[in-house]
Amino acid sequence: MAPSVLQNGGFILGLIGAAGLIATTGMNNWSVKDRQGDVVTSVYINKGLWQDCQTASSGMTECRPLYGMLGFSSSFQAVRALMIVGVVLSILGTLISVFSLKCLTMTSMGDTTKAKMSLTAGIMFIIAGVCGIAGASIYANQIVASFQMSINYGGNYGGNYGGGMGGGMGGGMGAQRYTFGPALFVAWIGGGILLVGGILKSLAFREIMKDEKSQYPGVAYKAQARGKVDQDDHHSVGAKKDHNYV
């Protein structure tokens with residue numbers, strides 16, 4: 001496959017994945033209230049990484065920011081850190097990827113330099129994708145654990161167990177259970193797209209380096225035998241003397 005196709009494809013996928021990772025980091029529906037068994041629901045509760053929101057049946061939404069750091073579990077803090085690192089790396093990778101495109105001509109930048117920049121952007125995309133997938137998976141694992149505990153041991157235990165994730169999955173007797181929100185799926189899809197984009201950028205680096213080697217093939221030098229060189233010099237000198245004699 002042509003290096004330009006790999007580079008452009010990796011850039012487009014990286015851009016889409018970065019946009020998905022940025023969007024999911026700011027979304028407030030990482031976990032949503034489980035409405036299974038509710039006959040009438042007047043309040044919809046969503047929880048994100050930065051604030052918890054409640055939406056009434058009238059359509060009015062109220063959000064409570066999640067201030068502080070000591071009041072949350074280490075898993076929740078790890079999810080936040082992973083998503084921030086993923087967003088930063090994906091943005092940097094996108095910027096580097098723009099300047100590494102073969103269609104963008106710059107006088108002071110050769111193909112080898114662009115190939116190295118493409119590899120750097122690819123590595124950043126891969127790490128950002130892993131961070132996004134890992135962050136969403138950790139959060140989803142906590143939701144599953146809280147959901148199972150609330151079923152096995154009652155609402156009180158389940159609400160207290162999930163208290164560190166997103167400001168609490170509920171609390172006290174009759175605490176609501178929470179399930180996966182749309183933000184988790186956006187994070188998984190965005191992380192996967194970033195992984196594919198990073199792989200394409202890395203493959204583009206290999207193809208560019210192959211083209212560079214093929215354009216400058218090595219020249220084999222075969223030394224001439226010493227005896228033959230002396231004999232040729234002797235004949236040339238003799239011919240010169242005959243010519244002068246004539």
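Just so you know, residue 1 is the first one in the sequence shown, and it goes up from there.
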Can you tell me how far CG of L119 sits from CD1 of I96, rounded to the nearest 0.5 angstrom? 10.5 Å

Roughly how far, to the nearest 0.5 Å, is the SG atom of C53 from the CE atom of M27? 11.5 Å

Mind checking whether L194 and L13 have side chains closer than 4.5 Å, heavy atoms only? no

Give the C-alpha distance, both sets of side-chain angles, the deciding distance and a yes or no for side chain to side chain contact (heavy atoms under 4.5 Å, CB included) between K47 and Y178. CA-CA 9 Å; K47 296 182 180 295; Y178 289 81; 3.3 Å; yes

Using the side chain to side chain contact (heavy atoms under 4.5 Å, CB included) rule, take N46 and D52 through it: C-alpha gap first, then chi angles, then the decisive distance, then the call. CA-CA 6 Å; N46 302 324; D52 298 342; over 6 Å; no

Using the side chain to side chain contact (heavy atoms under 4.5 Å, CB included) rule, take Q142 and F76 through it: C-alpha gap first, then chi angles, then the decisive distance, then the call. CA-CA 9 Å; Q142 295 297 317; F76 183 68; over 6 Å; no

Would you indicate whether the side-chain heavy atoms of K33 and Y44 approach each other to under 4.5 Å? no

As an exercise, state the distance from CG of L184 to OG1 of T179, rounded to the nearest 0.5 Å. 9.0 Å

Among I193, T120, T94, L89, the one residue meeting side chain to side chain contact (heavy atoms under 4.5 Å, CB included) with F125: T94

With no hydrogens and no angle check, do the side chains of S75 and Y139 hold a donor and an acceptor under 3.5 Å apart? no

Can you name the nearest heavy-atom pair linking I126 to S202, along with the distance? CD1-OG, 4.3 Å

When rounded to the nearest 0.5 angstrom, what distance separates CG in N29 from OG1 in T55? 10.0 Å

Polar contact flag, side-chain donor to acceptor under 3.5 angstrom, T24-W188: no

For F72 and L66, work out which heavy atoms get closest and say how close. CZ-CB, 3.7 Å

Would the distance check show the side chain of S90 and the main-chain N or O of V87 forming a donor-acceptor pair, the cut-off being under 3.5 Å? yes

So which heavy atom on M124 is nearest to which on G93, and how close? SD-N, 3.7 Å

Nearest heavy atoms of G135 and M83, plus distance in Å: CA-SD, 4.4 Å

Does any non-hydrogen side-chain atom of V144 lie less than 4.5 Å from one of F180? yes

Side chains of K201 and S100: closer than 4.5 Å at any heavy-atom pair? yes

Between the side chain of R80 and the main-chain N/O of L49, is any donor-acceptor distance below 3.5 Å? yes

Minimal heavy-atom distance between L21 and A128, with the atoms involved, is CD2-O, 3.7 Å

I189 CD1 to I16 CD1 distance, which is reported to the nearest 0.5 Å: 12.0 Å

Going through the checks in order, is the side chain to side chain contact (heavy atoms under 4.5 Å, CB included) test met by L200 and F11? CA-CA 9 Å; L200 291 181; F11 169 70; over 6 Å; no

Minimum heavy-atom distance between P182 and V32, given as atom pair plus value: CD-CG1, 4.4 Å

